Amino acid sequence: MTNKERAEKWLDIVNEDLSVADDLYKTGHWLYVCFMCHQVVEKTLKAYWCVCRDDDPPYLHDHSKIAQGCGLYTKMSAEQKDFLKNIKPMNIEARYLEYKNEIARTLNREKTAEILEFTKQLYTWILEKLREKSSTR
């Protein structure tokens, strides 16, 4: 499998995750919208990793470390780096109920809309960088 094909595999999943996030937003499931946003960012970064490197992305959920490992972190704005830190706790898949409840209490329609919108902007930005990188490889 080529690096481009590996990246496309990740991006296929990302497109579905974005659609799920949008659907969950419409039904008011703020915590799970943010979890899907976490997944979108993680998988988009892993797609970028596949274009830049010949090894598989690490089994990490830490966006900053993944971005550093593929060289994208240094290209990010301060706002993008802050977003990576702020969305990190949204990886709630295997968390205890108390943790989920604590995170859920910090979310509402407006905050979730901001996270969803910034996720889409970051996704688009990473895709642009991915295309640039693909054309130079």
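For clarity, every value in this text was computed on a predicted model and none was experimentally measured. When a residue number appears, it is its place in the shown sequence, counting from 1.
Among I115, D22, L24, the single residue meeting the side-chain contact (heavy atoms from CB on, under 4.5 Å) criterion with V33 is L24. Remark: of the listed residues T106, I92, N101, I92 is the sole one forming a side-chain contact (heavy atoms from CB on, under 4.5 Å) with L31.
Counted within 6.0 Å of CD on E8, heavy atoms from surrounding residues, nucleotides or ligands total more than 12; the atom is thus considered enclosed. No more than 12 heavy atoms of other residues, nucleotides or ligands lie within 6.0 Å of CD in E79, so this atom counts as exposed by the packing criterion.
Annotation for M36 and A21: closest pair CB-CB, 3.8 Å, computed over non-hydrogen atoms. Heavy atoms only, all atoms of each residue included: W10 and A47 are closest at CB-CB, 3.7 Å. The two residues S134 and V51 come nearest to each other via the heavy atoms OG-CG1, 3.5 Å. What you find for E5 and M1 is that their closest heavy atoms are OE1-CA, 3.3 Å. Contact detail for C70 and C52: the closest heavy-atom pair is O-SG, 3.8 Å.
Judged purely by distance below 3.5 Å, without hydrogens or angles, the side chains of D23 and Y32 never pair a donor atom with an acceptor atom. A donor and an acceptor atom, one from each side chain of H63 and E42, are nowhere located under 3.5 Å apart.
Put simply, SG on C50 and NZ on K133 are 13.5 Å apart, with the number rounded to the nearest 0.5 Å. Residue S64 holds its OG atom at 7.0 Å from NZ of K88, rounded to the nearest 0.5 Å. In this structure, CZ on F118 lies 6.0 Å from CD on Q121, to the nearest 0.5 angstrom. To the nearest 0.5 angstrom, N108 atom CG is 6.0 Å from T112 atom OG1. Atoms CG and NE2, on D17 and H38 in that order, are 12.0 Å from each other to the nearest 0.5 Å. Note that the CD atom of E114 and the SG atom of C34 stand 10.5 Å from one another [nearest 0.5 Å].
At a threshold of 4.5 Å between non-hydrogen side-chain atoms, the residues P89 and Y99 count as touching. A heavy-atom distance below 4.5 Å is found between the side chains of Q39 and N91. Inter-residue side-chain proximity for I66 and P57 is flagged as unmet; no heavy-atom pair is nearer than 4.5 Å. The side-chain heavy atoms of Q80 and F83, taken from C-beta on, include no pair separated by under 4.5 Å.
Using a cut-off of 4.0 Å between Lys/Arg side-chain N and Asp/Glu carboxylate O, K46 and D56 are scored as not salt-bridged. A salt bridge is defined here as a Lys NZ or Arg NE, NH1 or NH2 lying under 4.0 Å from an Asp or Glu carboxylate O, and R6 with D54 fails to meet this definition. A salt bridge is defined here as a Lys NZ or Arg NE, NH1 or NH2 lying under 4.0 Å from an Asp or Glu carboxylate O, and K9 with D12 fails to meet this definition.
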Does the pair Y123 and N15 meet the rule for a side chain to side chain donor-acceptor pair (under 3.5 Å), with working shown?
CA-CA 10 Å; Y123 164 73; N15 290 327; 2.8 Å; yes
Output, in order, the C-alpha distance, side-chain angles, deciding distance and verdict of side chain to side chain contact (heavy atoms under 4.5 Å, CB included) for M76 and L122.
CA-CA 10 Å; M76 291 181 151; L122 186 58; 4.2 Å; yes
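R53 places no side-chain N or O within donor-acceptor distance of the main-chain N or O of Y48, the cut-off being under 3.5 Å. Between the W49 side chain and the D55 main chain, a donor and an acceptor come within less than 3.5 Å of each other. Side-chain atoms of E128 never come within 3.5 Å of backbone atoms of W125 as a donor-acceptor pair (strictly under, hydrogens ignored).
I87 and I13 fall into different hydrophobic clusters, where Ile, Leu, Val, Met, Phe, Trp and Tyr side chains are chained together by heavy-atom contacts under 4.5 Å. The same ILVMFWY cluster, assembled from side-chain heavy atoms under 4.5 Å apart, contains both L127 and L45.
Side-chain rings of Y25 and W30 approach one another, their centers coming within less than 6.0 Å.
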